[in-house]
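Treat the numbers as computed from the prediction; the structure is a model and nothing was measured.
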Amino acid sequence: MGLASRSQDRPEMGVADGRIIEIDLDRGGVREVGTLDAYSDVLGGRGLSQALLAERIAPGIGPFDPECPVVFGAGLLCGTDAPGAARLSIDSVNPFTGGIGSSNVGGGAASALRRAGIAGLVLVGQARSTVVIEVEDGRIEVRPAADLAGGRIPEVDRALRERRPPGTSSILIGPAGERGAWPAAVIVDGARAAGRCGLGAVLGAKRVKGLVVRGTGVLRVAAPEPFGQAVAAARRKLEQSPFNQRRMRYGVYCYETPWEIESPYRNFSGDRIPPEKIERLHPDRFLPYLVDRTGCDACPIRCWTTHEFVGPDGIERRCEALQGNDPDNFGARLDLDDPREILQAHALCTELGLDVDGTSAVIAWAIDVRAAGLLRRSDCDGRDLVWGDAGLVFDLIEAIADRTGLGDRLAEGSARAAARLGRGSERFSHHVRGNDLFECLWMSPAWAFGTVLSPRGGTHTRGAVLEDRIRDLPPDLALRWYGRETLPSPGSWEDVERMVIHQERVSAAFDALGLCLFTSSGRPDMLLPGEIAKWVTAALGRTVSEDGLLEIGERIHVQERSINRSLGLPGRAGDRPPRHFVDVPLDGRYRIDPTAWEAALDRYYALRGWDPATGWPTAETLARLGLSEPWRRTEGGATSE
């Protein structure tokens with residue numbers, strides 16, 4: 001099945017142009033269902049994906065139901081010269097939470113889609129057997145791919161891309177997704193992972209092994225000269241940022257001090273990570289294995305690293321796109337202390353199509369539960385579960401992807417595993433609405449509050465504030481963003497809701513544009529919303545102010561909250577932190593203050609125009625933003641809390 005081909009002569013199209021294509025995997029059929037200009041109030045990317053999801057979500061739908069949609073939204077500026085504009089949003093229903101599943105990933109796929117004239121792809125139904133979707137300019141076909149079923153990411157990526165022209169991008173799932181392991185990620189171009197929400201498993205339920213995308217069109221901005229000037233200034237600013245210069249040397253894992261006090265050491269034990277471990281896993285210790293750096297489309301940062309090393313087992317290995325999370329997940333949380341072990345764990349997760357956060361979290365849960373005597377040795381495939389055992393970690397990564405032995409018990413995340421085991425094992429599962437955390441929540445209220453309130457369930461990339469990165473914020477920006485010229489002292493709950501709301505709006509707007517958050521990193525010496533608004537104005541040929549851009553981010557965030565309501569998630573009751581960070585202090589000193597948290601929630605809801613009793617957006621707020629009430633489509637779909 002396919003869509004008829006259009007002209008292949010490098011067509012030009014405006015940034016605001018773009019088709020929305022729906023592919024029915026069950027009935028057969030590829031059809032155009034709209035265009036991007038109908039969604040100008042959300043720009044594209046995550047905004048477009050969530051709007052398309054809201055139109056198609058019915059109360060009670062599950063992530064593995066055939067009728068559950070999966071939406072790919074390419075950022076508005078992807079395919080242009082805007083630095084860092086290469087992000088693809090993938091959105092559906094989240095197996096862990098039952099609410100929105102939303103992930104955002106770099107690589108070349110978003111730009112390839114935009115150059116093919118496509119702003120959004122919607123998959124519905126379920127294929128009868130494994131398929132691959134091919135997109136090349138105006139041609140879209142769904143092809144049988146039984147020969148690729150069960151294949152690991154590197155071999156499938158090579159098989160699909162080596163026989164196609166340069167500029168072809170892949171979007172794949174690994175064996176983990178095909179076998180329904182909930183931590184399954186979607187991997188772009190063999191290395192970049194869309195994780196945290198089980199979307200690899202959702203695609204696996206549809207029997208979609210992946211997509212290959214190539215576009216040869218040219219995206220035209222409305223005002224080329226101002227756009228080019230703004231882009232050139234942004235590149236200079238990014239290249240001159242001291243923080244970015246470290247990232248351009250080391251890659252994503254570039255921090256001068258990996259941990260000070262706070263880390264997820266041994267599954268958030270509350271103990272300080274030993275100083276000698278900090279030294280062994282410093283970014284400098286990874287440099288001997290660094291052989292190359294590259295970047296996503298149009299990005300000057302080039303933080304996509306390639307490391308080559310001889311593993312602890314003596315085998316030569318390669319790891320691409322090491323993340324800042326990896327030393328937290330495998331070094332601190334699972335207590336590995338050799339950089340090669342961290343690199344190998346990341347590479348193995350990518351190969352199998354697993355999210356490093358969720359995978360390491362459930363392994364840590366199992367080790368903790370075994371140490372507490374709540375799992376028998378016979379429950380653990382007859383082996384010991386201990387901290388710092390790299391061989392154990394590698395074996396369990398494989399077992400989770402294969403859903404064999406103990407891996408099958410762990411393959412649906414720690415909250416689900418704990419609920420099934422019982423015996424008090426729930427206290428070792430650290431999650432938000434079922435989504436496993438890698439983020440520590442003890443010390444920074446602005447970080448903790450933004451992490452917990454994320455509609456997709458516990459994540460720092462949608463609203464958490466890194467307080468140390470805004471310490472040098474000029475008074476005029478602090479006043480404009482937070483309503484005060486000086487920032488609260490570190491660890492204060494004062495105005496935490498204003499800081500988080502601003503970051504939620506910025507993050508949503510960046511995702512709609514397809515901009516990597518590393519172009520901002522929450523720092524005043526990098527790209528600011530007001531500067532980005534000038535890009536958008538030049539690209540679209542209509543004035544978009546900083547306030548207008550932030551209102552778009554507000555609309556996207558409230559849309560996601562509304563979808564969660566339609567899917568039956570709790571409102572205010574779901575906006576509270578895990579008790580572990582209240583009951584178990586870090587270093588005997590730091591813990592969340594639940595009274596301060598509740599007061600911040602009251603202020604947060606009031607500022608947003610949400611009902612403080614339920615935590616849901618009011619009808620007046622939805623009307624102001626031009627949003628509907630999706631939970632009213634089916635009687636009984638609404639929830640009161």
Side-chain angles (χ1 to χ4, degrees), residues 96 103 176 181-185 187 191-198 200 251-255 258-259 262-269 271 273 277-278 280-283 285-286 305 307 319-368 385-401 407 410-411 413-415 428-432 435-441 447 451 457-461 464 578 580:
F96 294 100
S103 198
W182 289 13
I187 310 294
R192 306 308 301 261
R196 287 300 275 265
C197 293
V252 180
Y253 181 49
C254 63
Y255 314 119
W259 307 278
E262 195 171 34
S263 82
Y265 181 58
R266 293 193 173 184
N267 198 29
F268 304 98
S269 64
D271 296 332
I273 190 167
K277 176 178 284 289
I278 295 175
R280 285 196 295 268
L281 294 180
H282 190 276
R285 297 301 184 99
F286 290 80
T305 53
H307 293 81
C319 171
E320 286 199 58
L322 182 75
Q323 295 299 301
N325 302 14
D326 288 309
D328 281 296
N329 282 320
F330 301 112
R333 177 146 57 185
L334 297 179
D335 208 11
L336 306 186
D337 62 5
D338 185 329
R340 297 171 301 164
E341 295 170 348
I342 311 300
L343 292 167
Q344 185 166 333
H346 174 96
L348 187 56
C349 283
T350 300
E351 183 178 324
L352 296 166
L354 283 168
D355 165 42
V356 295
D357 296 327
T359 302
S360 62
V362 75
I363 293 173
W365 172 85
I367 295 172
D368 240 354
L385 305 186
V386 295
W387 303 113
D389 185 340
L392 169 72
V393 171
F394 303 152
D395 288 348
L396 286 181
I397 290 171
E398 294 266 8
I400 290 168
L410 304 182
S414 73
F428 300 107
S429 171
H430 311 307
H431 65 89
V432 173
N435 226 22
D436 281 308
L437 285 170
F438 103 90
E439 295 87 350
C440 295
L441 306 181
W447 172 269
T451 293
T459 183
H460 68 283
T461 56
H580 179 81

Steps toward side chain to side chain contact (heavy atoms under 4.5 Å, CB included) verdict (Val432, Thr451): CA-CA 9 Å; Val432 173; Thr451 293; 5.5 Å; no
Which residues share a ring-ring contact (aromatic ring centres under 6.0 Å, His included) with His282, sequence neighbours left out: none
Stepwise side chain to side chain contact (heavy atoms under 4.5 Å, CB included) test for Arg266 and Asp271: CA-CA 8 Å; Arg266 293 193 173 184; Asp271 296 332; over 6 Å; no
Pairing residues for Glu439 by the side chain to side chain donor-acceptor pair (under 3.5 Å) criterion, not counting sequence neighbours: Arg196, His460
Side-chain touch Leu281/Pro258, heavy atoms, less than 4.5 angstrom: no
Salt bridge (Lys or Arg N to Asp or Glu O under 4.0 Å) pairs, two or more places apart, involving residues 320-329: Arg318-Glu320
Sub-4.5 Å side-chain heavy-atom contact between Cys349 and Phe330: yes
Nearest-0.5 Å distance, CG of residue Leu348 to SG of residue Cys319: 10.5 Å
Nearest-0.5 Å distance that lies between atom CD1 in Ile342 and atom CG in Asn325: 12.0 Å
Worked verdict on Asp357 versus Asn329 for side chain to side chain contact (heavy atoms under 4.5 Å, CB included): CA-CA 6 Å; Asp357 296 327; Asn329 282 320; 2.6 Å; yes
Minimum-distance pair of heavy atoms, taken over all atoms of Leu354 and Ala176: CD2-CB, 3.5 Å
Student check: side-chain heavy atoms of Ile397 and Ile363 closer than 4.5 Å: yes
Ala191 to Ala321 - nearest heavy-atom pair and separation: O-CB, 3.8 Å
Option passing side chain to side chain contact (heavy atoms under 4.5 Å, CB included) with Leu336 (candidates Gln344, Glu341, Arg280): Glu341
Results of salt bridge (Lys or Arg N to Asp or Glu O under 4.0 Å) for Asp389 - residues two or more places apart only: none
N/O donor-acceptor pair under 3.5 Å between Asp335 side chain and Trp387 backbone: no
Nearest non-hydrogen partners of Thr359 and Pro183, listed with the distance: OG1-CB, 3.8 Å
Which atom of Ile187 lies closest to which atom of Ala193, heavy atoms considered: CD1-CB, 3.7 Å
Rounded distance [0.5 Å steps], NE2 in His307 versus OH in Tyr253: 10.5 Å
Which atom of Ser263 lies closest to which atom of Ile273, heavy atoms considered: OG-CB, 3.7 Å
Which residues share a ring-ring contact (aromatic ring centres under 6.0 Å, His included) with Phe96, sequence neighbours left out: Trp182
Residues forming a side chain to side chain donor-acceptor pair (under 3.5 Å) with Gln323, sequence neighbours excluded: none
Contacts of type salt bridge (Lys or Arg N to Asp or Glu O under 4.0 Å), residue Glu351, not counting sequence neighbours: Arg152
Donor-acceptor under 3.5 Å (Ser103 side chain, Gly195 main chain): yes
Distance, nearest 0.5 Å, that separates CG of Asn267 from OG of Ser414: 7.5 Å
Qualifying residues under ring-ring contact (aromatic ring centres under 6.0 Å, His included), relative to Trp365, sequence neighbours excluded: none
Partners passing side chain to side chain donor-acceptor pair (under 3.5 Å) against Thr461 (at least two apart in sequence or in another chain): Thr459
Side chain to side chain contact (heavy atoms under 4.5 Å, CB included) evaluation trace for Ile367 with Leu392: CA-CA 10 Å; Ile367 295 172; Leu392 169 72; 4.2 Å; yes
Contacts of type salt bridge (Lys or Arg N to Asp or Glu O under 4.0 Å), residue Arg333, not counting sequence neighbours: none
Contacts of type ring-ring contact (aromatic ring centres under 6.0 Å, His included), residue His430, not counting sequence neighbours: Phe268, His580
Residue list, salt bridge (Lys or Arg N to Asp or Glu O under 4.0 Å) with Asp436, at least two apart or on another chain: none
Minimum-distance pair of heavy atoms, taken over all atoms of Leu322 and Thr305: N-OG1, 3.7 Å
